[in-house]
Amino acid sequence: MLKPSYPLYLANAAVAANTDLDVLDKYSGEVATRVAMADAATIEQAIAAAVDAAPAMAAFPPYKRQAVLEHCVKRFRERAEELALALCIEAGKPIKDARGEVSRLIDTFRIAAEESVRIDGQVQNLEISERTRGYRGICKRVPIGVCSLITPFNFPLNLVAHKVAPAIAAGCPFVLKPAGKTPVGALIIGEILAETDLPKGAFSIFCCSNDDAAPLIEDDRIKLLSFTGGLIGWEFKARAGRKKVTLELGGNAACIVDGDQAGNLDAVVERLVFGAYYQSGQSCISVQRILAHADIYDALRDKLVNRIGALAMGDPKQEATFIGPMIDEAAAKKIEGWIGKAQLAGARLLVGGRRDGNMLQAALLEDVPRNCELQRKEAFAPVALLERFEDFDEAIAAVNDSDFGLQAGVFSDSLAHAMRAWDRLEVGGVIVGDVPSFRVDNMPYGGVKDSGLGREGVKFAIEDMSELRLMVIRQNAG
């Protein structure tokens, strides 16, 4: 069970200012714990403390940053089941998936620990003409400064890890605002960070109202805003002023199943079902659109319907549960409505789709018109669409017919088709032989179009959180 209450963290210290925020058990709907909320004055203190800590964090040696990150890895392993249960309760994530996210939290901090001591620069040749004879350039990476980190509800540990661990590795103080619906995991991370010898003011972690959060976006003392969430991120970018901004804003990922997969359909179905319905589809790279070649369409459809209909739905604390609750009833009602609109427009519901509170059965539809929300928008729910294609280029065009471009999957044994997908798909990543839901925490991850800008993945985030500083040396002509 969770503790009765959790404090916020201000300048590395726990502050039990209040218990104003109720955190619900997403399955039972009951209050699971209460969390302290930051007010405007606390946010100002946090930003000011981070600004004051910036010189000390920049001077904090790489081996000490590594030691902090390694301490976190050790403590995460010791508290792994506690962290998994917190996820299960506050996010409604099935316990097996919750344990998997804890393992990714550990991986991400471990990778950051490794990268923290190899943030290297470069020697640059400047002798490109007679005028620059004797000149050499040396570049090093230095911390960008105070970072503002804002994370969503669906991966309360790993999405926090992908911002916090690189900030520590890069030597940047940070202020973190986790999602108010799922703050406990971030606060446990804060509790563990408070055990380290990070310079005072290096981190603050708290929930706050949207109105009070404005300085986290607009304050010029902050040098980088890293936001993962919905399309409101574009508004945040417009308000952010001169600071660097990285955004991961979701998608409606597609997966192509080529005509040469007839002998591999069982394995393909297992991956599609995982990609579409894992943690009730509440993932930015959840499989939302499945494009199947006409030669294998009917067989794939039948296998999907049978497999989806057998998914266990219920209490996420039960080991057998695959489909747990959505984050709240409003989210489930929205998708129930989208399914109904698609049916009225001519789509056929093949399986699932019934709702009870915030529980929504895994659903699969076919023949969904292109102008329906289920085609155009991010569902963020246990729902997928199935459509057929005759020609591979037709499938590529259908994938690209989207405002989003995060990742796409391609099941094909054709090297030519794999390369064509890589060349032509308008996405941040193409996953060949698997679903777009695949991610490893050291790979570059991010999208194009409305899916955002910039790349996560520890090494790439560290690069965003640092900047190059050049020294030019002129050799004595004598």
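- No side-chain heavy atom of Phe206 sits less than 4.5 Å from a side-chain heavy atom of Leu187.
- Between the side chain of Glu90 and the backbone N or O of Gly185, at least one donor-acceptor pair lies under 3.5 Å.
- Atom CG of Asp356 has 12 or fewer heavy atoms from other residues, nucleotides or ligands within 6.0 Å.
- Side-chain N or O atoms of Gln282 include one that pairs as donor or acceptor with a backbone N or O of Ile327 at under 3.5 Å.
- Put simply, the side chain of Asp39 gets close to the backbone of Thr42: a donor and an acceptor are under 3.5 Å apart.
- Looking only at atom types and distance, the side chain of Ser116 has no donor-acceptor partner in the side chain of Arg65 under 3.5 Å away.
- Residues Phe411 and Cys255 have side chains in contact (heavy-atom distance under 4.5 Å, counting atoms from C-beta outward).
- A salt bridge between Asp107 and Arg104 is absent, with no side-chain N of the basic residue lying under 4.0 Å from a carboxylate O of the acidic one.
- Classified by interplanar angle (parallel below 30°, tilted 30° to 60°, perpendicular above 60°), the ring pair Phe153/Phe380 is perpendicular.
- Ion pairing between a basic and an acidic side chain is recognised when a charged N comes within 4.0 Å of a carboxylate O; Arg75 and Glu78 show such pairing.
- Between Phe274 and Phe322, the gap from one ring centroid to the other reaches at least 6.0 Å.
- Using modelled atom types, one finds no donor on one side chain facing an acceptor on the other under 3.5 Å when comparing Asp258 with Gln261.
- No hydrogens or angles considered: a donor-acceptor pair under 3.5 Å links the side chains of Ser226 and Thr246.
- Checking each of Leu225, Leu247, Ile232 against Lys237 for a side-chain contact (heavy atoms from CB on, under 4.5 Å) leaves exactly one that passes, namely Leu247.
- The number of heavy-atom neighbours closer than 6.0 Å to NZ of Lys243, taken from other residues, nucleotides and ligands shown, is above 12.
- One finds no salt bridge joining Glu70 and Lys74 here, because no Lys/Arg side-chain nitrogen approaches an Asp/Glu carboxylate oxygen to under 4.0 Å.
- The ring of Phe109 has its center closer than 6.0 angstrom to the ring center of Phe76.
- Among all heavy-atom pairs drawn from Cys88 and Ala98, the shortest one is N-CB, 4.3 Å.
- Looking at heavy atoms from C-beta onward, Leu364 lies in side-chain contact with Tyr277 at the 4.5 angstrom threshold.
- Side-chain atoms of Glu248 and Ser451, non-hydrogen and from C-beta on, never get closer than 4.5 Å to each other.
- Comment: Lys93 engages Glu101 in a salt bridge, judged by a side-chain N to carboxylate O separation of less than 4.0 angstrom.
- For Arg439 and Tyr445, the positive end sits near the middle of the six-membered ring, less than 6.0 Å away and at most 45° from its axis.
- Annotation: Arg354, atom CZ; neighbour count of heavy atoms from other residues, nucleotides and ligands within 6.0 Å does not exceed 12.
- Geometrically, Lys163 does not engage Phe227 in a cation-pi contact, judged by NZ or CZ lying under 6.0 Å from the ring centre and within 45° of the ring axis.
- Heavy atoms from other residues, nucleotides or ligands lying under 6.0 Å from CD of Glu319 number more than 12.
- No salt bridge links Lys459 with Glu115; every basic N to acidic carboxylate O contact stays at or beyond 4.0 Å.
- Under the salt bridge (charged side-chain N to carboxylate O under 4.0 Å, His left out) criterion, the residue pairs touching residues 181-194 are Lys3-Glu191, Arg79-Glu191, Lys181-Asp328, with sequence neighbours excluded.
- Between Asn158 and Thr108, the side chains place a donor N or O and an acceptor N or O closer than 3.5 Å (distance only, hydrogens not considered).
- The existence of a salt bridge linking Asp25 and Lys317 is confirmed by a sub-4.0 Å separation between a basic side-chain nitrogen and an acidic carboxylate oxygen.
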